[in-house]
Each structure stands twice: as C-alpha cells, then as structure tokens.
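Heads up, the thing below is written out as structure tokens.
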Number of protein chains: 2
Amino acid sequence: MSELDLIRWLQQRLGKSYGPLIHVGLGDDAAVLRCPDDRDFVITTDMILEGSCFLIEHGLRRIGRKALAINLSDLAAMAAEPVAAVVSLAIPRSMSLSQVQEIYEGMIQLAQEFGVALVGGDTNTWTGPLAVNVTLVGAIERHRAVLRQGAQPGDWLFVTGPLGGSILGKHLNFTPRVREARRLLNLVTIHAMIDISDGLARDLHHLCEASRCGAILDSTKIPVSAAAYQLQDGRSPLEHALSDGEDFELLLAVAQPDGQHLLEQQPLQDLGTTLYHIGECIAQGVYIRTATGELQGLPPLGYLHQLAN
Amino acid sequence: MSELDLIRWLQQRLGKSYGPLIHVGLGDDAAVLRCPDDRDFVITTDMILEGSCFLIEHGLRRIGRKALAINLSDLAAMAAEPVAAVVSLAIPRSMSLSQVQEIYEGMIQLAQEFGVALVGGDTNTWTGPLAVNVTLVGAIERHRAVLRQGAQPGDWLFVTGPLGGSILGKHLNFTPRVREARRLLNLVTIHAMIDISDGLARDLHHLCEASRCGAILDSTKIPVSAAAYQLQDGRSPLEHALSDGEDFELLLAVAQPDGQHLLEQQPLQDLGTTLYHIGECIAQGVYIRTATGELQGLPPLGYLHQLAN
C-alpha cells in the first residue's frame, strides 16, 4: 500500500463532481481554481496535532472532521463560502491505509455538507505522532469580507451559542457557523467578526485590538453551556465560558439598530442557532459587568501556544 | 513568549508591502486574495517532517527554505507565478522563539526572491518532532495551466538540469524552476509538465499515465549530476539519476519543432539552466535505450510513502 493507493481511492471516493470554480482537482502537481468575476478568495490554514488537539482514542473520523471544521470556522468568521481544501498528513508508520481512509471519511462527510471540494494534498509517513493540516479556500463577494477590525463604540456584541467546557465533546463535533455567517452577511452590516477558538475573553481582545476599541461584557447575558457546569474543577462555569477555547462560535459586532433587529427576529432559529447579545463596544478598555453591576477589567484569558525563550 | 509574539514579529518583519492581489494579509481569521480578471489561481500544499525530509542539523533556515521551495517547484510544474503562502508549524516544546524565527527567515528570504506574500499561518507546540506545512497559491493566465496530461507520441522530453544524488545537498538548496517555467510558457507550447520530486523514472510514469502515452528515454542523454557519481553505494550514477527523489527539476514534453527550437536556442542559459533532451513520447510503454542501443522496460523506480496494510 502506498500514497498512490490513497490518491486513487480518494479520486474514486470523491468522483468527478467538482463545482464550476474547480478547473483541476486532485492528482496533478497543483489544483487550479477558476477565479470568479465578482468575488475574492479567502484562504486559511490550521493544523491539529495528536496529544495537544486530539487523542487517537477520539476516533479517526472525528479527528478528520475536526481538522476541516476548524478551518470552516475561520471562513465563517470572514463570512465566506467554502470552495476547496488541500490536506497534508503526517502519518505514524504503524497506521494502515484503512485508518487513513477513516480520517478522510470524517473530512469528506463534512466537506460534502458544506460544499468543499478536496482538490489536493500531501501524504507523508514518519515515526512521529499524527498531524493533520488543512488549508481551506473560500469565496466572498468582492469587498465584503468581514474582518476583525471595524467594530465601533456603541456596537452591540453577539455570540452564536453557549460557551465553555468544549473539552467535554463540542471541540470534536461542533457545527462551524458558516451558514449563520452567510445569512447574517445579507441581513445586517457586520462591523467585525471573529470565531471563538482561543476563548471568549482572548478573542474579544483580538477583535478590540484590531478595531481599536474596547468592550463591556454583561456577565448575566453570556450564555454558559451545560458542559461548563459539568466540569466542576474549581473554576466557575462563567470562568469557563470566558476562557475555554475551541467553542467555535462567532463573536460579532453590529450597530445598535441592527442588533435590536437580530435580537427581535432571531433569524438563525431555523438553523438551530440563537443569537445572544452579550455586551457593547466602548472607546477603550475591556471590562465585564458583574451580576451586582460592578465593572471589572477583563484580561485576555484563554489559550495560547507558548514558545520557549 | 507566545504565538502572538511570533505573529507580531512576522508582521514587522514582512512590513505592509503586499502586492495588488493581497487584500488582507497576516493577522485576521483568514487572508483575502483579490481574484484577477484574466487569471486562475493554482493551489498546492506540501509538508516536510523532521527525520524523514530533514534533520535539525541541516539548519533551521535551510529547513524553512525547503518547505517553501518544494511548493514553488509544484507551481513551476504548472507554469504558474507565485502569489501567496500560508504556513503551519508543529513546533517541539524545546524550541525557542528565535529558532522558530530562523525557520521563517529561511522561508522569507526565498519568498521575497520569488514574490510570495506570507499571508497567514498556524503555530502549534507539541511534544512531537518539527513539522512544517506550506500551502502556496499562484496565478496562471486563464486556460494556460500546464498539466501532467497532454503529452503526445512524438513529443520530445526535456529536463531542466542534472539528476541524482540530491541527498548530498541539493534537496536543501535547489532553486525552484519557476522562472524557467514562466519563460517556457511564453516561448513554446508545453504539452505536459511535472517536477521531479519522486525520481525521474517514477515521475515520467506519472506524466505518461496522465497523458495516456508511453516514452523512451535515451540513457546516454540523461544528465547525471556530479553528486550521483559521488555516492558510490553500489548503484550506478545513472541508476541514481533515474530513481533519486528531490531533484526538483522539471520534466516536460513539447512537440518536436518546439523541441528543436529549445535545443538550438537554449533560452534559459541566462538563468543558469540548460535544457536536456532526454527522450521521446511513444504510444505506450516506458523504456530506456541503453548505451548499446537496446530497449529495456523502465519501471517506476523512485520514492513512495508506504502505508501499512
């Protein structure tokens, strides 16, 4: 069994049903994407690693799914529509072709759900642990990509779902908020958006830093997931909601009238998604208002990869 | 030190000098590429792994350089012009920020040489060895991407340089044949092209399989590198030239009149590159003509990653 067997299997598994934006798919030195006339391409990449982002015991399909899902979440944060992905694998030598196919099956199922064409990749074996890298390309109407910058004082802040405790399962089976973002793009003017991968507090800091503004969160309005209550590790459920990574909900800022509209209409209900109004943007500083009405500074809690000095 | 320090350093190091095709670069959830009107985008990805593709002793700059160079070689094989790259790193926990910067320095130097904008990435630390993944996007005049398919019986086969023994050094410091491919695209009609990453014999088989044709190589015309003579490991220099991977020269097929033109004009000499006419395409079968004129079957010698059963 070799990487060629894997490529042949993939070509059969995927069929020839590429969309109009894919001119050349799997199997050449590179894929060719037709540039649409009225849209830009958006590109993002994410790598997940055995031991730090997943364990083999989580199941190979779920690992493959996660590798694509986290990239879809980044596209959602730009309000882009998924187009094509390339996949690189570093495979432990003990792993069989059928196990590698399991990783791909998890990815392919999600890819089909979100209209992503798998157009290329790189398969390597080594003595190290499993590493999966996905690079995802999406399309966005020209000049309409939603950035982290653009939030303004007075804007309302929303999140697309409950937060905290994703380690108990959500980090492996979350639904990337692509459909939600696409619909919001057409309903309101999204001033700024980010997906919550490092933790609400930290990603809010990212958004505020890029937008050169501040924010106040209302602790009583932050949706805390049931999983955050289950953890019972000495930190409060709210702390988990503020600092746990990998929830992959969207955090967005819109002008107040748009915010009121979203709150009243809840236009994502048919997707199973509730919009939670959790705070406002201010000129500077990042704070949280406690249940008793007190304002406290909110540091950028959350996850960061640390490098040695 | 955290991944944020690395991103800040990268932003300062790279400056704001993005070209016209880069609308949003480093630092958001994804980068935004402006789609050109008259061109398509080409996308390729390659991962290199400590232990199998490089050793830390090779030097971090050369490792970073190689990670980008192998992707540039894939773009060259499509005759595309490099545009933008995203980089994912799996970094051993013992590695310092300055060591990671060394990897990037090697990459940035080559990126600037070839006009590649680094527009995003993902930085991870773990207990495993070093892994570097680069995804590269290029642009190609619409409908002009050169594929592996398209070679026809009677075509002349060329390679862009001597082959074999790259393990002695070339695999780390080769010059990707991007400029050569771009010039050839404008001089002749390239029927099919591939970069020699797995070995001449194997990559010739890939080209023939995609083109549904065969080929005869002339053993006396294959340029054998000095390194292939130095190896002295029981295999002949010609065997090394036929089967060693990672030479990253281009193998291309053109019609005979174009071939004669290339051979007489040697239009890549000012780039330091000689075109070698090494054989012809035929209807089927892949052969090599020995020095005594005998035709022998040429199996797909070369490197493949093997997966367990």
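For clarity, every value in this text was computed on a predicted model and none was experimentally measured. Below, chain A is the first sequence line, B the second, and so on; all start at residue 1.
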Exercise. Near R93(B) CZ, under 6.0 Å, is it more than 12 heavy atoms from other residues, nucleotides or ligands?
Worked result: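 It does: R93(B) CZ has more than 12 such atoms within range.
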Between [X] and chain A, which part of the residue has a heavy atom less than 4.5 Å away: side chain, backbone, both or neither?
X       : result
H206(B) : side chain
V24(B)  : side chain
I91(B)  : side chain
A210(B) : neither
M47(B)  : both
L89(B)  : backbone
T125(B) : both
S94(B)  : backbone

Problem set entry | Test item: C208(A) and H205(A) side chains (from C-beta on) under 4.5 Å apart, heavy atoms |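 When only atoms from C-beta onward are counted, H205(A) and C208(A) do not touch, as no gap falls below 4.5 Å.
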Problem set entry | S211(A) and Q149(A): side chain donor to acceptor below 3.5 Å |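 Checked: S211(A)/Q149(A) side chains show no N/O donor-acceptor pair below 3.5 Å.
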I need the residue from [options] with the largest number of non-hydrogen atom pairs under 4.5 Å to chain A.
options                            : value
G120(B), A84(B), P129(B)           : P129(B)
V100(B), I140(B), N124(B), T123(B) : N124(B)
I194(B), V137(B), N133(B), V86(B)  : N133(B)
G128(B), G27(B), G121(B), A31(B)   : A31(B)

Option that, when pairs with chain B are counted at under 4.5 Å, heavy atom only, ranks first among [options]:
options                         : result
L49(A), D38(A), D40(A), D29(A)  : D29(A)
V87(A), D5(A), D74(A)           : D74(A)
L4(A), I43(A), V32(A)           : I43(A)
N71(A), V119(A), L21(A), V42(A) : V42(A)
A145(A), A90(A), G51(A)         : A90(A)

Problem set entry | Residue among D46(A), T45(A), T44(A) satisfying side chain to side chain donor-acceptor pair (under 3.5 Å) with T135(A) |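 Of the listed options, the one satisfying the test is T45(A).
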Salt-bridge contact [X]-[Y] (side-chain N to carboxylate O under 4.0 Å):
X       : Y       : answer
R148(B) : E209(B) : no
R182(B) : E141(B) : yes
E246(A) : K66(A)  : yes
R177(B) : D195(B) : no

Exercise. In terms of ring plane angle, is the pair F248(B) and F174(B) parallel, tilted or perpendicular, where the classes change at 30° and 60°?
Worked result: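 Geometry flag for F174(B) against F248(B): parallel rings.
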For this session: Give a yes/no verdict on a cation-pi contact between R34(B) and F41(A), requiring under 6.0 Å between NZ or CZ and the six-membered ring centre and an angle within 45° of the axis.
Result: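 No, R34(B) does not sit over the ring of F41(A).
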Exercise. Taking all non-hydrogen atoms of both residues, which atom of L55(B) and which atom of I63(B) are closest, and how far apart?
Worked result: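 Where L55(B) meets I63(B) most closely, the heavy atoms are O-CD1, 3.5 Å.
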For this session: Heavy-atom distances under 4.5 Å only: say whether L130(A) touches chain B with side chain, backbone, both or neither.
Result: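 L130(A) touches chain B through backbone heavy atoms alone.
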